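Here the structure comes first, spelled out in C-alpha cells, and everything after it is commentary.
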Amino acid sequence: MARRRGAALGLFLAGGVALALAVGWFGLRVGLDLLNARAQSDLALAADRLTGQLQRYRDVTVLAAEHPALLSLPVAGSPQADAASAVLERVADGTGSSGMLLMDMSGQVRAGTAHATDYAAEPGARVAFARALQGAMGFAHAVSATDGAPRDRAAPRDFYFAAPVFADTRVIGAVITRLGAAKLESRWRGEAEAVFFTDAAGVVFVSNRDELLDGVQGSEGALRPFLAHGTWHMGGHEVWTISDQPYLPVQALHLKRDLPVVGLAAEILIDAGPVLRTAALQMAMAAALWLSFGAVLFALAQRRRAMAARLQAETRANRLLERRVENRTRDLSLAVERLRREVQERTEAQAALTRAQDDLVQAGKMAALGQMSAGLAHELNQPLMAIGSYAENARTYLDRNDPATAQGNLARITDLARRMGRIIRNLRAFSRQSAEPASPVDLVAVVEAVLELASSRIAQSGVALDWAAPDAPVLVMGGEVRLQQVVMNLCANALDAMEGRADPRLTIRLAEKAGHLRLTVRDTGPGIPDAARMFDPFFSTKEVGRAEGMGLGLSISYSIVTSFGGSIAGANLPGGGAEFTVDLIAAAQAVAA
Ligand code: ADP
C-alpha cells in the first residue's frame, strides 16, 4: 500500500516536472519567437540606418567629384589646388567626415583637407581609390593600425568612399572621403539594444556599445571574450550567454543579417532575460497548478479512501450482524424445537402421570380395602352369626307357637341384612374406579359412610370417636367415592398412629372457613415425624410388610384434593397428636361462580 502510494507520488511528481518543463519550453519557445520578431525589425532598422548614413557620404563624395574646382584637377601647391582644398574642407566640415582629398590617376594627392596625404596611403583609401579609377563608386572600410596594437578600441576605424572625377567620359582622378566610424556611433549612443556590424573576418567594425568593439567572432560563433558559457539554441534561435558585462544582457538573443552593399553583417543582441523569466514564471505557475491539482486530487482520494474504509467497516459490521442474527435465529429455532420436544415429552409425561395417579388411586383403594378386610370380615361375620341365631330362635319361637317373639327376631334379621347390604354397597362404591368430574357432594354423608366402614376397627381399638354430624348436608365440589377415599385415608392414618396409645381419640369436624369448607381430622397419636415428606409417594414410617405401610395414602389424597381445586395440610398439635385439614370449594360458591 505504502509502496503503491510512494510510486503514485513519484509518478505525480515526475508528471509535474514534465508538465513544468513542457510549459517552460513552450513558453520560452513562444517568447523567443516574439522576441525574434522584434529583434528582426530592430536589426532591420539599425541596418537601414547605417546604410542610409553611408549613402549620404557616398552622395556627398559623388557631388564633390563633380565640383568645378576639382574637375580641373589642379596641381598640388597651386592656388587652384588651394581653392579645391578649401572646397573639400568646407564639405568635410559640413558633413562631419574626417577628411576628403582629391587624387590624380597616379595616386598623387592634388588637394585635400588637413593631413590628406597621410591617409591617402591608408589601405582602405587605396582599395576605394582603385575601384574609383575603374569609373565605379569605391567603398571600403578599414582599421588603421596604431602602434602595433591591431585590435584596439581606440584604433581609428574608417569608411572610405571614392568617386571618380571625369573629364568628359574619362576618369582623370578620384575624390576620396574618409568617415570615422566613431562619428556614426556617437549618434547611436543610449540605444536599448546592442547592435554591431562585423566585417568578413568577424571583427566588430562598428557598434553602439564600446565594449563590443573588443570582440572578435570566434569559432563558436559568438564574440570573444564575451562568451563565458557559450551559446544555446532553441527553435532556430541562438541565445548567447554573456558574463561580466554590465551593459550587455546576460542572456541575449542573437540575430545576424548580411549587408552585402556595405560589406558588413549587422548583428543584434536583444535581452532574452524577460522571456526566460516569463517562461520560468509560467513553469512555476504550471508546477503550482499541478501541485494544487494534486492536492485536490489527494484530498479527494483521501476522502474516497476514508469513505471506502467506512463502507467496508459498515459492510463488515453488517455481515457480522447478519451472521449473529443467523446464529441467533438458528439457536432460537433449535431452542424452539427443543421446547416443542420438551412440551411433547411433558404432555406425554403428564398423561403418564395421570394414568399412574389413576392407577395409584386404585392401588391405594385396594390397599385400604386390604387393610380393612379383617375388620370387614368381622363386620360381616357378626351380623351373619347374629342372623343365624335369630333365625334359629325364630324357628324355635314359631315351634313354641310364639309368633310375636319370632316376628321380633325376624325384624332384627331384616335390620341386620340391611346393615350388611349397606356395608357391601359402600365397599363396592369404594372399590369402583371413578373419574367422574367434580360435582356437589354431601361431605356429611361421605364422613358417615367412612365411619360405618371403619366402625368395627374403631370399636375394637377402643378409640373414642368425636364426631358431631351437622343437621343439614354440607355440599362441596368433588367426587363422592374419591372424597370417601381421602377421608378413609386420614381416618386410617389416625387410627394407625393411635394404636397402642393411651386415651385414643379421633376428632372429626366440619366447618366453614374463608369461603371454603374445612374438614378436620385430629388424633392423639405421636404426631407427624416428617412433615416435609409425608405427602411424597411411598414415604412411610410404618412397618414394611404390613399391608397398610405402602406410603401412598397421603400422596393419593393430595392429588385427589388438588384435582377438586382444594388443598390438604397436616400439622402437629401443641398438646400432642396430629391434625389434618382438607379445604374444599363449597358447592354453593362454585355454582355462584
Ligand atoms: P402409610 O399410611 O401407608 O404409611 P401415608 O401416605 O398414608 O402412608 O402416610 C405416610 C406417613 O405419614 C406415615 O407413614 C406416617 O409416618 C405419617 N402419618 C400420616 N398420618 C399420620 C398421623 N395421623 N399421625 C402421625 N403420622 C402420620
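Atoms within a ligand are numbered from 1 in the order they appear, just like the ligands themselves. These numbers were taken from a predicted model, which means no experiment stands behind them.
The distance from the CZ atom of Phe298 to the CG atom of Leu9 is 8.5 Å, given to the nearest 0.5 Å. Here Thr524 contributes atom OG1 and Met498 contributes atom CE; the two are 5.0 Å apart, rounded to the nearest 0.5 Å.
Contact annotation: Phe535 has no heavy atom less than 4.0 Å from any atom of ligand 1. The closest approach between Gly527 and ligand 1 falls below 4.0 Å for a heavy atom of the residue. Residue contact check for ligand 1: Asn489 places no non-hydrogen atom closer than 4.0 Å to it.
Residue contacts with ligand 1 for Asp496 are absent, since no atom lies close enough (heavy atoms, distance under 4.0 Å).
Not a single N or O atom of Ser555, backbone or side chain, sits closer than 3.5 Å to an N or O atom of ligand 1.
Looking at Trp232 and Glu238, their side chains never bring a donor and an acceptor atom within 3.5 Å of each other. No hydrogens or angles considered: nothing links the side chains of Trp240 and Gln251 as a donor-acceptor pair under 3.5 Å.
The shortest side-chain heavy-atom distance between Asp466 and Leu506 does not fall under the 4.5 Å cut-off. Counting heavy atoms from C-beta on, the side chains of Leu28 and Met283 never come closer than 4.5 Å.
Taking every non-hydrogen atom of Asp523 and a distance limit under 4.0 Å, the qualifying atoms of ligand 1 come out as 22 (C), 23 (N), 24 (N). Heavy-atom proximity to Pro529, at under 4.0 Å, picks out these atoms of ligand 1: 16 (O), 26 (N). Close contacts of ligand 1 with Ser540, meaning ligand atoms under 4.0 Å from a residue heavy atom, involve 1 (P), 4 (O), 14 (O).
Proximity annotation for atom 9 (O) of ligand 1: of Thr541, Ile556, Asn493, Asn493 comes nearest, heavy atoms only.
Using a 30° and 60° split on the angle between ring planes, Phe12 and Trp290 fall in the parallel class, below 30°.
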